Amino acid sequence: MSKLWGYSFWSKVAMILPLTSAIASIIHTNTAIAQLSEDIISTDDLVEVQGQVTSVSQLSDVQPTDWAFQALQSLVERYGCIAGYPDGTYRGNRAMTRYEFAAGLNACLERINELIAASVVDRVTREDLAVLQRLQEEFAAELATLGGRIFALEARTAELEANQFSTTTIFGGEAIFGFAGAVGGDPPGTGDNHQATLHYLLRLGTVSSFSGLDRLRIGFVSGNFENRGLAGTVEDPGLGDIALLSYQTDSNNQLFLDYLEYRFPAFNNRVVFTVRPVGFSLSNVLTANSPFFDSGRGAISRFGEGSPLFKMGALDGGAGFDWLVSDKVRLQVAYGARSSSDATLGISHSDHSALGVQLLLKPSANTLAGLTYINAYSANGRLDTLTGSLSADTSGLLNEPMNFNAVGGSFQWRIKSNITLAAFGGVTFGESTTSNAYANTTTYSLSLGWSEPFGRNGDLFAFIFGQPPKLVAGRNLPLGEDRDTSLHFETFYRFRVSDYIWVTPGVFMVTNPEHNANNDTVVIGVLRTTFLF
C-alpha cells in the first residue's frame with residue numbers, strides 16, 4: 001500500500017531494490033501521491049530503521065502474564081536472541097501471535113546452539129535447557145510450520161537468484177488497453193472523429209541501484225493513438241485537448257526511449273537529486289499531490305490526473321532536488337527545457353523552459369498540501385499543457401515570446417480511512433517580451449476518492465469536477481479571451497482483478513467545449529484495462 005509521501009507503479013518496482021525506507025519514501029515523489037486514496041498511514045516511516053531490543057519486556061504486545069512470556073523474557077535477557085522493532089511492538093499494537101512467539105523462540109534456540117557448538121557450555125545452564133525443552137514441546141506445531149516456511153523461502157530464493165534478470169537491475173512493464181467512444185462536441189469538430197476506437201499504451205523499463213540508495217531508470221514506450229485519437233488535429237478537427245485521455249500516446253506502434261533518469265541521495269540522505277535528460281516534466285520532481293496521477297490506475301482524462309501547471313512547457317530534459325526539511329516539510333525545486341540536447345540552445349537558452357518550486361506540507365497524518373510557483377519562458381507564447389482550450393494553451397494565438405509566472409496549490413484530506421477529498425487550483429500570468437500583450441489563465445478541480453466501497457481490496461470509486469485552463473484576461477490577442485466556461489465532470493470505478501490486472505470503466509463530460517456555449521457538450525466513455533508485469 002502507498003505511503004503519504006509517495007507512490008507510483010515504477011516506485012513499486014524500484015522498492016524491490018535494497019533502498020532504505022528513508023530514501024525510498026523520498027526518491028519516488030514524482031508520481032508521488034498517485035494512490036493516496038488507497039492508504040494514508042498514521043505514522044511517518046521516512047526515517048524508520050529496524051534494530052535490536054535488549055529485553056523481551058520491550059515487546060509490549062506480548063502478554064506478560066503468560067508463563068511462556070516470562071520464560072522467554074529470561075532467556076532473551078540472558079542470551080540476547082530476539083529482534084523486534086524500535087517502537088517495542090510486532091506489527092502495530094496487536095497481540096503477538098503464536099507464530100511470532102515461535103519465531104522468537106526459534107531465535108533463542110539458534111543462539112544457544114551456537115554457544116554450545118562454540119563450547120561455551122558454562123553460559124548455558126541446565127535450568128535454561130529444561131525451559132527450552134518445555135517451550136519447544138508447547139510450540140512444536142508452530143516451530144514445525146516455521147521451519148517449513150523457511151525451507152520453502154530458501155528454495156524460492158535460490159530459484160529467483162538462479163533466474164533473475166540481474167543482481168542490480170529489475171525489469172518490469174505496464175500494458176494498457178483502452179476502448180473509448182464519444183458523443184457531442186459539434187462544433188468545433190465535424191463529428192467524424194466520434195467513432196469508437198481501440199488503443200494501447202505499452203511501457204517497458206528497468207530500475208537499477210548501484211549503492212542501494214541510488215536509482216537508475218530507463219523506460220521505453222509504444223502506443224497507437226493515431227491522429228491524436230478523439231482529440232483530432234487542426235487539419236482534421238476532433239474534440240480538442242479536452243478529449244485527451246490520461247494514457248494517450250502515439251508512436252506509430254514503434255518502441256521509443258521514453259525516459260532516462262538517475263537519482264541519488266546526499267546530505268545525510270535528506271536530499272534526493274534527480275537528473276533526467278530524456279522525458280522530463282516538472283512533475284518528475286514536484287509532487288503532483290493528486291490521488292489520480294496514474295495513467296494506468298488513476299484518472300481516465302488528461303485533465304483529471306492533476307494540476308495542468310505541472311505539464312507546462314512540454315519539456316524534455318531537466319533536473320531538480322527534493323529536500324526533506326523536516327518530517328512535515330519538503331522543499332522541491334525543478335528546472336527543465338525543451339530541446340535541451342541542442343548544442344546551439346542548451347538548457348539555458350532553450351526556446352521553452354520552466355523553473356518550478358514547491359513547498360510540500362504535511363500538517364497532520366491525514367492531510368497533505370502543496371504550494372507551487374513556476375517561472376517559464378516560451379518563444380511562441382504557448383503553455384502547451386494540452387488540457388484546456390486552444391486560447392488558454394496558446395495565449396490566444398499571440399505567437400510572441402512570453403514570460404509566465406504561475407502560482408498554484410493542491411490539497412488532499414483523508415476524511416475517513418477510505419475516503420479522500422482532494423483539490424487543486426492555479427493561475428498563470430503571461431506577458432509578452434516584445435509588446436504590451438498579456439494573457440492570464442485559471443484552472444481548478446475538486447475530487448472525491450472512495451477506496452474499497454464494497455469491501456473489495458484495491459477497488460476505487462472516484463468523482464472529479466473542475467474547470468480546464470481558461471483564458472480569463474488578455475490584451476492584443478488574436479483569439480481574444482474565452483467567452484464562456486467549460487466544466488469537467490468525471491467518474492470512474494477501478495476494479496482490482498489481481499495485483500497485476502486492473503479494469504476501469506469510466507466516463508467524463510465537458511460542457512461548453514473550448515469555453516464556448518455554442519459548442520455541444522462532449523461525453524466520452526472509456527473502458528481501460530491495465531496489466532502490470
Side-chain angles (χ1 to χ4, degrees), residues 8-17 27-32 34 165-166 168-178 199-210 214-229 244-264 272-286 288 293-296 298 302 305 310-320 334-347 350-354 356 384-386 530-533:
S8 72
F9 163 65
W10 283 113
S11 67
K12 184 177 180 182
V13 174
M15 284 294 289
I16 303 174
L17 296 171
I27 208 168
H28 309 301
T29 64
N30 310 324
T31 53
F165 177 74
S166 168
T168 59
T169 301
I170 293 173
F171 176 81
E174 178 181 47
I176 303 173
F177 298 92
H199 299 109
Y200 80 91
L201 171 65
L202 175 65
R203 292 192 180 107
L204 301 174
T206 62
V207 182
S208 305
S209 180
F210 308 105
D214 61 343
R215 187 183 71 173
L216 172 66
R217 296 200 309 159
I218 304 174
F220 299 86
V221 66
S222 179
N224 70 336
F225 276 82
E226 186 178 352
N227 199 30
R228 295 213 318 153
L244 289 173
L245 305 177
S246 59
Y247 57 96
Q248 191 156 332
T249 297
D250 179 27
S251 68
N252 195 26
N253 296 308
Q254 298 182 50
L255 197 63
F256 288 101
L257 181 64
D258 187 30
Y259 58 81
L260 175 63
E261 175 187 274
Y262 182 65
R263 298 189 176 193
F264 60 93
V272 172
F273 290 93
T274 298
V275 179
R276 190 161 175 155
V278 179
F280 181 83
S281 69
L282 294 177
S283 62
N284 296 136
V285 178
L286 310 183
F293 200 74
D294 187 318
S295 57
R302 179 175 171 87
E305 286 184 300
F310 296 98
K311 298 178 171 68
M312 285 178 58
L315 312 172
D316 59 21
Y335 175 82
R338 193 186 302 182
S339 304
S340 58
S341 61
D342 188 340
T344 62
L345 299 174
I347 60 174
S350 172
D351 53 2
H352 293 80
S353 61
D384 287 327
T385 67
L386 301 179
T530 303
F531 299 88
L532 304 180
F533 55 91

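Keep in mind that what you see is a predicted model, and the values were worked out from it rather than measured.
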Separation between [atom1] of [X] and [atom2] of [Y], rounded to the nearest 0.5 Å:
{"X": "Leu386", "Y": "Arg228", "atom1": "CG", "atom2": "CZ", "answer": "6.5 Å"}
{"X": "Arg302", "Y": "Ser295", "atom1": "CZ", "atom2": "OG", "answer": "11.0 Å"}
{"X": "Ser222", "Y": "Leu255", "atom1": "OG", "atom2": "CG", "answer": "6.0 Å"}
{"X": "Asp316", "Y": "Ser350", "atom1": "CG", "atom2": "OG", "answer": "7.5 Å"}
{"X": "Tyr259", "Y": "Arg203", "atom1": "OH", "atom2": "CZ", "answer": "8.0 Å"}
{"X": "Leu201", "Y": "Ser246", "atom1": "CG", "atom2": "OG", "answer": "9.0 Å"}

Please determine, by modelled atom types, if Tyr247 and Thr530 share a side-chain donor-acceptor pair under 3.5 angstrom.
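Their side chains do not contain a donor-acceptor pair, so the 3.5 Å distance test is not met.
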Any side-chain donor-acceptor pair under 3.5 Å between Ser208 and Thr169?
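The criterion, which ignores hydrogens and geometry beyond distance, is satisfied for Thr169 and Ser208.
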Results of ring-ring contact (aromatic ring centres under 6.0 Å, His included) for [X] - residues two or more places apart only:
{"X": "Phe280", "result": "none"}
{"X": "Phe220", "result": "none"}
{"X": "Tyr335", "result": "none"}

Side-chain contact, heavy-atom cut-off 4.5 Å: Phe531 with Ile176?
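Contact flag for Phe531/Ile176 side chains = no.
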Answer whether the closest heavy-atom distance between the side chains of Ile218 and Leu257 falls below 4.5 Å.
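Touching, per the 4.5 Å side-chain cut-off.
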Side chain to side chain contact (heavy atoms under 4.5 Å, CB included) partners for Phe256, two or more places apart
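Applying side chain to side chain contact (heavy atoms under 4.5 Å, CB included) to Phe256 gives Ser251, Gln254.
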Non-neighbouring partners of Asp384 that pass salt bridge (Lys or Arg N to Asp or Glu O under 4.0 Å), sequence neighbours left out:
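Partners of Asp384 by the salt bridge (Lys or Arg N to Asp or Glu O under 4.0 Å) criterion, ordered by chain and then number, come out as Arg338.
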Do Tyr262 and Phe264 have ring centroids that are under 6.0 Å from one another?
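Yes, close enough.
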Parallel, tilted or perpendicular: ring planes of His199 versus Phe225, cut at 30 and 60 degrees:
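Geometry flag for Phe225 against His199: parallel rings.
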For Ser353, side-chain hydrogen bond (donor to acceptor under 3.5 Å, both in side chains) partners two or more places apart:
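Ser353: no side-chain hydrogen bond (donor to acceptor under 3.5 Å, both in side chains) contacts found.
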Test Tyr200 against every option in Thr249, Asn253, Asn224 by the side chain to side chain donor-acceptor pair (under 3.5 Å) rule and name the one that passes.
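Of the listed residues Thr249, Asn253, Asn224, the side chain to side chain donor-acceptor pair (under 3.5 Å) partner of Tyr200 is Asn253.
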Should Leu315 and Ser281 be marked as a side chain to side chain contact (heavy atoms under 4.5 Å, CB included) after you check the CA-CA gap, both sets of side-chain angles, and the distance that decides it?
CA-CA 6 Å; Leu315 312 172; Ser281 69; 5.7 Å; no
Test side chain to side chain contact (heavy atoms under 4.5 Å, CB included) on Leu260 and Arg276 and set out the steps.
CA-CA 6 Å; Leu260 175 63; Arg276 190 161 175 155; over 6 Å; no
Spell out, as yes or no, whether a donor-acceptor pair under 3.5 Å connects the side chain of Asn227 to the backbone of Gly229.
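Judged by distance alone, no pair lies under 3.5 Å.
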Heavy-atom closest pair, residues Val285 and Ala334
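Result for this residue pair: CB-CB, 3.7 Å.
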Begin with the C-alpha distance, continue with both residues' side-chain angles, and end with the deciding distance and a verdict on side chain to side chain contact (heavy atoms under 4.5 Å, CB included) for Val207 and Leu216.
CA-CA 6 Å; Val207 182; Leu216 172 66; over 6 Å; no
